[in-house]
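Just so we're clear, the structure is a prediction, and the values are computed from it rather than from any experiment. Start at 1 and go down the list; that is how both ligands and their atoms are numbered.
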Amino acid sequence: MAPRSRTDFPGAGSWVPDDVTLPALHEAVQACQGCDLFRDATQAVMGSGDANAAVMLLGEQPGDREDVAGEPFVGPAGKLLDRALADAGIAPEDTYVTNAVKHFRFERRGKQRIHKSPSRGQVLACAPWLSAELEAVRPRGVVILGGTAGKAVYGSSFKVGESRGRLIDWPTDSLAVHRPPEWVLATIHPSAALRAENRDEMYAGLVADLRVAAGAVG
Ligand code: URA
Ligand code: SF4
């Protein structure tokens with residue numbers, strides 16, 4: 001079998017409606033077959049939040065709980081993110097929360113479904129949905145939560161450790177949008193602060209980074 005590459009997937013483009021409103025995107029994403037992930041997931045999980053939100057928070061993909069609920073960041077990572085946003089002074093009504101990939105990728109182990117990070121090809125296939133959400137919401141800033149989100153925006157050489165905690169520019173050469181965000185803030189994925197041995201330190205770092213975004217929101 002040939003190695004998997006981005007060309008294995010048709011990409012989401014032909015499922016994205018011309019009418020780029022959040023209700024239209026929510027409906028249309030359920031039909032998407034832009035990559036193989038629609039097959040095993042329960043449903044697609046589109047972003048949620050205010051259509052006029054100042055800040056878009058970008059995670060990786062829905063987890064086990066999100067896949068069942070149909071809403072992003074409702075499981076343990078989402079609870080931690082909510083707490084970190086509150087501690088950083090970012091109001092929920094200022095945020096729209098979404099993921100780079102809209103279907104849950106997992107491996108079965110017995111009865112459990114174990115999270116598996118999406119491949120580069122799956123992230124690229126799903127990017128048209130993210131572009132459409134950026135068009136619908138037109139956020140002033142984007143908060144990147146972890147490496148997969150960073151790679152979805154900046155390409156595969158992106159490293160959270162090199163970019164986190166300061167305002168950076170939206171890249172000119174990816175995810176074409178009519179009105180690009182004015183700033184981007186990268187930080188760790190909240191689930192990293194759930195698992196780690198030094199999770200208090202990781203959590204404090206997450207909040208410190210988010211405070212930089214809070215300052216940009218004003
Ligand atoms: N992790 C993510 O990246 N996104 C979610 O929606 C939940 C967990
Ligand atoms: Fe479509 Fe994205 Fe789901 Fe793949 S992960 S089927 S591109 S919505």
Side-chain angles (χ1 to χ4, degrees), residues 4-17 20 22 24-49 55-85 92 95-106 112-134 136 142-153 158 160 175 186-196 202-203 206 210:
R4 274 215 173 282
S5 74
R6 65 187 70 176
T7 53
D8 286 346
F9 302 125
S14 52
W15 284 272
V16 176
V20 195
L22 294 179
L25 296 179
H26 265 89
E27 198 182 317
V29 74
Q30 298 305 339
C32 186
Q33 301 189 358
C35 76
D36 57 341
L37 292 181
F38 75 92
R39 281 200 197 102
D40 295 330
T42 308
Q43 59 191 317
V45 179
M46 197 32 92
S48 99
V55 183
M56 180 180 284
L57 294 145
L58 183 59
E60 182 188 72
Q61 63 172 347
D64 182 70
R65 296 273 293 277
E66 289 79 13
D67 170 81
V68 174
E71 288 281 322
F73 282 106
V74 292
K79 298 271 180 318
L80 189 116
L81 177 61
D82 289 347
R83 186 155 65 88
L85 287 167
T95 63
Y96 177 89
V97 191
T98 193
N99 288 299
V101 168
K102 309 309 192 217
H103 277 108
F104 177 36
R105 187 185 195 196
F106 59 89
Q112 279 193 324
R113 303 191 301 172
I114 308 294
H115 161 275
K116 197 174 172 202
S117 286
S119 71
R120 178 82 188 137
Q122 289 159 342
V123 171
L124 288 169
C126 211
W129 292 114
L130 180 56
S131 294
E133 287 177 293
L134 284 159
V142 170
V143 172
I144 283 179
L145 300 167
T148 300
K151 290 184 171 91
V153 175
F158 179 87
V160 172
L175 290 169
T187 188
I188 57 167
H189 192 284
S191 68
L194 278 177
R195 294 186 301 257
M202 301 272 276
Y203 180 77
L206 171 63
L210 290 175

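With sequence neighbours excluded, the residues forming a ring pair (Phe, Tyr, Trp, His ring centres under 6.0 Å) with F106 are F104, listed by chain and number. Considering only residues two or more places apart in sequence or on other chains, D64 meets the side-chain hydrogen bond (donor to acceptor under 3.5 Å, both in side chains) condition with R113.
Near P72, with a cut-off below 4.0 Å to any heavy atom, the atoms of ligand 1 are 6 (O). Which parts of ligand 2 touch V101 is read off a 4.0 Å heavy-atom cut-off, strictly below it: atoms 5 (S). With ligand atoms numbered from 1 in the order given, ligand 1 contributes 1 (N), 2 (C), 3 (O) to contacts under 4.0 Å with heavy atoms of H189.
For the pair E71 and ligand 1, no heavy-atom separation below 4.0 Å is found.
Protein heavy atom nearest atom 5 (C) of ligand 1, with residue, atom name and distance: Q61 O, 3.4 Å. Atom 4 (N) of ligand 1 has its closest protein heavy atom at N99 OD1, 2.7 Å.
Annotation: side chain of V45 is in contact with side chain of P72 (closest heavy-atom distance under 4.5 Å).
The side chain of E66, and not its backbone, has at least one atom closer than 4.0 Å to an atom of ligand 1 (non-hydrogen atoms only; side chain from C-beta on). At a heavy-atom distance under 4.0 Å, no atom of R65 approaches ligand 1.
No side-chain donor-acceptor contact under 3.5 Å links T148 and Q61. No side-chain N or O of H103 forms a donor-acceptor pair with one of Q122 less than 3.5 Å apart.
Q30 places no side-chain N or O within 3.5 Å of a backbone atom of E27 that could act as its donor or acceptor partner. One N or O on the side chain of Q43 and one on the backbone of V68 form a donor-acceptor pair closer than 3.5 Å.
Considering CG of L57 and CZ of F73, their distance stands at 7.5 Å, rounded to 0.5 Å. Annotation: the span from I144 atom CD1 to I188 atom CD1 amounts to 14.0 Å, rounded to 0.5 Å.
Checked against a 3.5 angstrom limit, the closest N/O atoms of G59 and ligand 1 fall outside it.
Sorted by chain and number, the protein atoms of type N, O or S within less than 2.8 Å of atom 1 (Fe) of ligand 2 are C32 SG.
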Please tabulate, for the side chains in residues 75-85, all donor-acceptor contacts under 3.5 angstrom to protein atoms that are two or more places apart in sequence or on a different chain.
unit_1	atom_1	unit_2	atom_2	d
K79	NZ	V74	O	3.0

